[in-house]
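To keep things clear, I will list the structure first and then write my remarks on it.
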Protein chains: 2
Amino acid sequence: MTPTIRDVARKAGVSVATVSRVVNESAHKVREETRQRVLEAIQALGYQPNDVARGLKKRTSHTIGLIVPDISNPFYPAIARGIEDVANAHGYAIVLCNTYEDLAKEREYLSLLRRRWVDGLIFATSGVNTKHLQWLRGHRVPVVLVARDVEGLEIDAVLVDNFRGAYLAVQHLIGLGHRRIGFIGGPSTLHVSQERRRGYLQALDDAGIAPDPAYSVEGNFRAEGGDSAMQKLLQLSPPPTAVFAANDLMAIGAMNAIKRVGLRIPGDVAVVGFDDIPFASLVEPRLTTVAQPKYKMGAMAMTLLLERIEGKGDGPRKILLEPELIVRDSCGAREKEAEEIPAPPP
Amino acid sequence: MTPTIRDVARKAGVSVATVSRVVNESAHKVREETRQRVLEAIQALGYQPNDVARGLKKRTSHTIGLIVPDISNPFYPAIARGIEDVANAHGYAIVLCNTYEDLAKEREYLSLLRRRWVDGLIFATSGVNTKHLQWLRGHRVPVVLVARDVEGLEIDAVLVDNFRGAYLAVQHLIGLGHRRIGFIGGPSTLHVSQERRRGYLQALDDAGIAPDPAYSVEGNFRAEGGDSAMQKLLQLSPPPTAVFAANDLMAIGAMNAIKRVGLRIPGDVAVVGFDDIPFASLVEPRLTTVAQPKYKMGAMAMTLLLERIEGKGDGPRKILLEPELIVRDSCGAREKEAEEIPAPPP
DNA sequence: GGAAGTTTGGTAAACGTTTACCACAACGGA
DNA sequence: TCCGTTGTGGTAAACGTTTACCAAACTTCC
């Protein structure tokens, strides 16, 4: 049906070896004239090498697996893009695996990916458990973690400095004069949650503010969790005048809880988030947040993986990227500019 | 390194054919006792069949390509999940391809996918051009379109009834008493844009409202486009009292433009969107919108594709799914309930 | 006019499966 | 006794590449 290398060879009047050599621009020389004949035959037949056959021979699939808990979490698509862009530039395809935090599903995927001889794996998930990683280790497929670290594991990872990001956020609040600053954390089992909490505490401490345990409540990294956490915070007396949510989804949930009781943002309570998901700039008021370089993280993770695949491995590397505070409107930092904007109601 | 079928055969003291037969539960019988021996050997060695070798032999890759313009568009992840879940259930892996609406990139991916012998393709994109599809046709890989139709093409597709969805949205607005209803459309070249516009016009017509061309402005399916379109609408006199945006992103942009000039939603102007992206319920006020069954569309598309792959093809099928109007707060439909909620400010 | 490279090309053996054939044994019926 | 089945297993040829070897045919260089 579709032409094979053999068809090309026949048409060009050469052996398959020769065809293979021109296709792969092999070091083994082939006379320019023959090369042209082969090229013409390829053109005429519309030949394209079969990557699965090639993969069998070269023992590689030029495919990498991307494992995320859920691609519809707005945090992941940008990472995926970063990964895919550099993968694609190097001829790799990425197969997408949603695990929904389900260990069984994760195991299934791992098995699927192994049978396909993927050249590498990127975990953009917190659901990695040590068992699985050991399993992988046994099969020595290169792995890199992105965005979520797993402690005490000797694996490449590219992460953002969560401690510093949180510190930046809270420092910003303090700079604005806030003293009663609430914290809505992520699931406490996660490493990122712990780090962001640490940053919050440290910023408070450095400003000489004694942390009030009541101001610190645990969420679930989802909007609805932020909402109910905020409700609790609002019932305190006195309630916090500002709140730092450990991710944007919770921050947005918190904003909704605040507006619902008729309070104003940032007037009555200021809000900072973490992540800078696309919607952070779309909510009203626009959310001030600490941005993770998501695309870049993905791109770097893939670059690292590529190096591993090519065997350039030294020890395991942890890459820490700098977070950046994006000041928008939810903390009232730009009150002055805001005044200029109002247009007259028609 | 990793054990092959030959290792298993040796260990079990049988031929590779036998091993293959037990692994594939072939019709060719193998005695129970031998089967057990093979199974034990497999267990002991941790053998897993190599899918690329198998793919070479069977001329299939158990892989399907998913082509989207941009996975970070919040409309696509849910579709991708639907696709992936059913694909996975049938042992298929999906490779993710972002084209960024770039034809060259699309062509590149198509070529990549062909070389890998993907068993099928799902286009969740409007960027399909006829040339490409012909190319595909030539290589007869099954294709199904999802969410975005391409007119006059004999290809399977699963779509939502865009006309009806738009009709529903505008009818809702009319039912609420609105007469001056603005429309923020998508790029007019797209089939979906045209359909939604048609629905808007029809609903107006059925209510005996003469459409004012000035009330109809073209956006780009992005928030920022909805924002500037809304600004234009607001400058009209009299301005519309309600607006239907052809997708949620633009609706949210429009909401921001409205709030910015100090107008209230839905008090001064009501807003309806289209798609029901996850953030529709997170903005303030929560966006009333017509929902596309995104996950289901993905799942059905994959199901269709699976049938095609298995050769169950009759003529090309177009599946039209029903959109559903989700009434939330941006049109003031629930004013009464809203009154009960206010909690006292602390 | 050789010996010793260089080009340049072909042959055939992998890579890890699946599967069409063949073979042998056991069995049942005529 | 012979023959056709049926059950069970092995042999070896694909699938479409890549690549280690080999082998002519030309250089060069004495």
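Here the structure is a predicted model, which means the values were calculated and not measured. Residue numbers start from 1 in every chain, and the chains themselves are labelled A, B, ... in the order their sequence lines are given, proteins ahead of strands. Just the heavy atoms: all of them, side chains too, but no hydrogens, waters or symmetry mates, feed the values below.
Protein atom NE2 of B:H62 is 16 Å distant from nucleotide atom P of C:dT17, rounded to whole Å.
B:V19 and B:I5 make their closest contact through CG1-CG1, 3.5 Å (heavy atoms, listed as atom of the first residue, atom of the second, distance). Taking all atoms of both residues into account, the shortest heavy-atom contact from B:Q48 to A:S111 is NE2-OG, 3.1 Å.
Among D:dT18, C:dT18, D:dG9, the nucleotide with an atom closest to any side-chain atom of B:V16 is C:dT18.
For the residue pair A:E32/A:Q36, the side-chain donor-acceptor check at 3.5 Å is satisfied. B:T63 and A:R116 form a side-chain donor-acceptor contact under 3.5 Å, judged by distance and modelled atom types alone.
Within 4.0 Å (heavy atoms only), A:V23 reaches no atom of the nucleic acid at all. Residue contacts shown for A:D51 are absent, as no nucleic acid heavy atom lies under 4.0 Å away. Backbone-only contact: A:T34 has heavy atoms under 4.0 Å from sugar-phosphate atoms and none from a base. The residue A:T4 sits close only to the backbone: its heavy atoms come under 4.0 Å of sugar-phosphate atoms, none of a base.
A donor-acceptor contact under 3.5 Å is formed by the side chain of B:R21 with the base of D:dG10. Side chain B:H28 to base D:dG9: a donor-acceptor pair is found below 3.5 Å.
The phosphate of C:dT17 has neither OP1 nor OP2 within less than 4.0 Å of any side-chain N or O from B:S20.
DNA chain C is contacted by both A:A17 and B:A53; A:A17 maps to the nucleotide lying nearer its 5′ end (nearest heavy atom per residue).
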